[in-house]
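Keep in mind that what you see is a predicted model, and the values were worked out from it rather than measured. For reference, positions follow the sequence shown, starting with 1.
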Amino acid sequence: MARKNKQFIFENIEVIDAGAKGKTIAKAPDGCVIFLSNTVPGDIVDIKTGKKRKAYFEGTAIKFHKYSEKRTEPVCQHFEFCGGCKWQDMAYEYQLAYKEKEVINNLKRIGHLELPEPTPILGCEKIYFYRNKMEFSFSSNRWLTLEEINSSEEIDNRNACGFHISGMWDKILEIEKCHLQEDPSNQIRNFVKEFGIQNGLEFFNPREQTGLLRTIMIRISSTGEMMVVIQFLKENKEKREALLNALIQEFPQITSLQYVINSKGNDTLYDQDIILFSGRDHIFEEMEGLKFKIGAKSFYQTNSAQAYELYKITRDFANLTGNEIVFDFYTGTGTIAQFVAKNAKKVIGVESVPEAIEDAKENAKLNNIKNVEFFAGDMKDVFNNHFIKTHGQPDVIITDPPRDGMHKNVIEKLLEISPKRIVYVSCNSATQARDLSLMKEQYTIIKTQAVDMFPQTHHVENVVLLELK
């Protein structure tokens with residue numbers, strides 16, 4: 001029989017810090033760390049503990065004795081339940097301070113790195129409505145609040161379109177207004193939901209794998225172009241065309257309207273055929289005169305305006321004169337590679353996703369950039385002596401790996417060839433710190449700067465410049 005966790009109540013505890021994954025931190029009277037999810041640093045609260053781990057508690061504030069001066073009123077009506085913008089109750093200036101602190105702490109404590117004075121974190125001008133891509137799910141089994149469950153009122157309509165409740169794969173929180181993507185995103189989502197209800201388009205039931213409406217993806221580019229992709233569980237030509245035609249009539253500004261028929265167990269689109277219904281099968285993003293063709297499956301930084309700032313910092317750190325060979329690791333669709341190409345002799349981009357490399361090649365052709373080349377393959381396999389002999393010894397390496405960081409074989413080869421400069425862009429400063437620690441004997445950290453790409457969340461990017469000792 002499994003032993004139940006013993007629960008404790010700790011009274012009048014001050015929340016002292018914000019930590020990883022959006023959690024806040026308090027300490028029990030015996031000094032044991034408690035991670036909380038419903039407080040702001042500076043709150044004084046009573047805490048009920050839940051799970052007890054080896055070195056810490058997980059807990060919830062059940063009574064507030066004093067509210068922190070760092071608090072602000074959340075603007076979103078769904079804040080209490082959604083969990084998508086966990087820091088919305090913390091004033092933005094403090095969000096930035098805690099993000100910067102986490103980056104520096106990770107570099108020092110995990111990497112044991114010697115750091116220069118960091119350049120202050122770059123905040124985001126738009127702290128709401130900054131995302132260019134949103135995905136919402138339909139469900140015939142809407143998540144109910146405790147008040148709804150306990151009420152005697154019978155709830156006939158359980159249809160919803162919104163986000164998954166954390167930890168509940170089959171429950172969807174109904175979203176009326178999301179503050180992450182500019183309008184007409186909310187209007188489009190709500191129109192599709194109401195049309196579906198009024199016209200008998202069954203909402204998806206994930207447990208029974210039944211229904212018709214499954215997901216909707218909305219992309220709005222910085223140029224004002226719009227893409228909408230609706231995912232259906234099965235083909236029903238009459239109902240599908242009725243919805244798509246109504247959507248075009250209501251929102252004629254939609255540049256690209258596409259759909260998917262997906263009857264498999266999960267709703268990922270990357271192995272599915274995307275079918276064009278109206279307009280073209282792509283939209284365009286633009287940055288410093290460069291155009292980037294974005295399809296339904298394309299990866300592009302989800303905050304267009306702040307991606308531009310991030311790339312400018314990356315280019316500045318690279319300090320190119322026009323004579324350098326640059327390797328761009330984990331290049332994605334080649335946005336950074338093309339962004340720095342005019343300042344380099346040659347740029348070589350490598351990415352493991354073949355579709356992304358095809359996008360990169362197409363965008364380079366579109367932008368008439370002739371000094372870039374792109375290759376698909378796993379970095380640890382591609383980055384070898386033959387590759388270097390073929391393309392030349394790199395003077396600068398730009399690397400922007402996924403959250404897991406770089407493979408140790410990649411780091412070993414990088415240290416072996418010893419380029420004079422490395423610019424390391426990371427969305428996870430913990431794995432960045434681990435990787436940098438492996439390079440600290442050969443490289444000196446010259447600059448480091450955090451960039452906030454996702455206000456109201458704990459996520460933060462960090463850019464580090466290394467120079468050969």
Side-chain angles (χ1 to χ4, degrees), residues 270 287 290 292-295 297-301 307 310-311 314-315 317-318 320 323-367 369-428 431-432 434-436 438-439 443 461-466 468:
Y270 293 98
M287 192 180 292
L290 298 175
F292 298 101
K293 183 179 175 182
I294 309 296
K297 298 180 184 180
S298 296
F299 171 79
Y300 192 83
Q301 285 280 6
L310 179 71
Y311 295 165
T314 302
R315 185 173 61 191
F317 278 22
L320 303 173
N323 299 314
E324 294 87 357
I325 295 174
V326 180
F327 285 3
D328 181 28
F329 292 168
Y330 314 93
T331 191
T333 54
T335 45
I336 290 179
Q338 293 176 64
F339 191 73
V340 304
K342 65 182 179 182
N343 299 92
K345 180 180 179 182
K346 180 171 69 173
V347 184
I348 306 296
V350 182
E351 167 62 46
S352 62
V353 181
E355 293 86 355
I357 288 297
E358 290 308 309
D359 284 344
K361 290 177 179 178
E362 194 169 344
N363 284 325
K365 188 176 180 181
L366 178 71
N367 290 313
I369 299 175
K370 301 187 185 301
N371 64 333
V372 295
E373 294 180 69
F374 295 104
F375 300 91
D378 192 313
M379 274 303 313
K380 71 181 189 305
D381 302 323
V382 172
F383 186 38
N384 53 33
N385 290 335
H386 175 73
F387 186 84
I388 296 161
K389 186 177 180 181
T390 302
H391 301 292
Q393 166 75 21
D395 302 291
V396 178
I397 286 181
I398 298 172
T399 181
D400 185 4
R403 292 192 64 79
D404 290 341
M406 293 193 289
H407 192 279
K408 61 182 178 61
N409 291 0
V410 176
I411 297 174
E412 287 173 6
K413 179 57 68 175
L414 192 154
L415 291 172
E416 181 185 317
I417 66 169
S418 302
K420 60 185 178 184
R421 274 195 301 284
I422 300 169
V423 183
Y424 191 145
V425 184
S426 175
C427 61
N428 183 349
T431 55
Q432 184 186 43
R434 178 204 66 200
D435 293 348
L436 293 176
L438 299 175
M439 297 187 274
Y443 284 89
E461 299 266 339
N462 191 50
V463 189
V464 173
L465 170 62
L466 306 169
L468 194 63

Worksheet item: Can you check whether Val326 reaches Ile398 side chain to side chain, under 4.5 Å on heavy atoms?
Response: yes
Fill in: Ring centres under 6.0 angstrom apart (Tyr424, Tyr443)
no
Worksheet entry | Closest contact, heavy atoms only, Asp395 versus Asn323 | OD2-O, 4.1 Å
Fill in: Residues Lys413 and Glu416 bridged, charged N to O under 4.0 Å
yes
Item to complete: State whether Lys297 and Glu355 are salt-bridged, where the test is any N-O pair (Lys NZ or Arg NE/NH1/NH2 against Asp/Glu carboxylate O) under 4.0 Å.
Response: no
Fill in: Pairwise side-chain contact, Lys342 with Val340, heavy-atom cut-off 4.5 Å (strictly under)
no
Discussion item. Tell me the closest heavy-atom pair linking Arg403 and Asn428, and the distance in Å.
Written reply: O-ND2, 3.1 Å
Discussion item. For Phe375 and His391, take the angle between the two ring planes, folded into 0 to 90°, and tell me which bin it lands in: parallel under 30, tilted 30 to 60, perpendicular over 60.
Written reply: tilted
Discussion item. Testing the basics here: between Phe317 and Val464, what is the closest heavy-atom pair and its distance to 0.1 Å?
Written reply: CD2-C, 4.1 Å
Item to complete: Would you please name every residue forming a side chain to side chain donor-acceptor pair (under 3.5 Å) with Lys389, sequence neighbours left out?
Response: none
Discussion item. Can you confirm whether the side chains of Ser298 and Asp359 place a donor and an acceptor under 3.5 Å from each other?
Written reply: yes
Item to complete: Look at the rings of Phe329 and Phe327 and say which category their plane angle falls in: under 30° parallel, 30 to 60° tilted, over 60° perpendicular.
Response: tilted
Response to the item:
The reported gap from CE in Met287 to OH in Tyr311 (rounded to nearest 0.5 angstrom) is 5.5 Å
Discussion item. Rounded at 0.5 Å granularity, tell me how far OG1 in Thr399 sits from CG in Leu414.
Written reply: 7.5 Å
Practice prompt. Would you give the length of the straight line joining atom CG of Asn363 to atom CZ of Phe374, rounded to the nearest 0.5 angstrom?
Written response: 8.5 Å
Practice prompt. Indicate the atoms forming the closest heavy-atom contact of Gly405 with Thr431, along with that distance.
Written response: N-OG1, 3.8 Å
Worksheet entry | Separation of Met439 CE from Leu466 CG (nearest 0.5 Å) | 5.5 Å
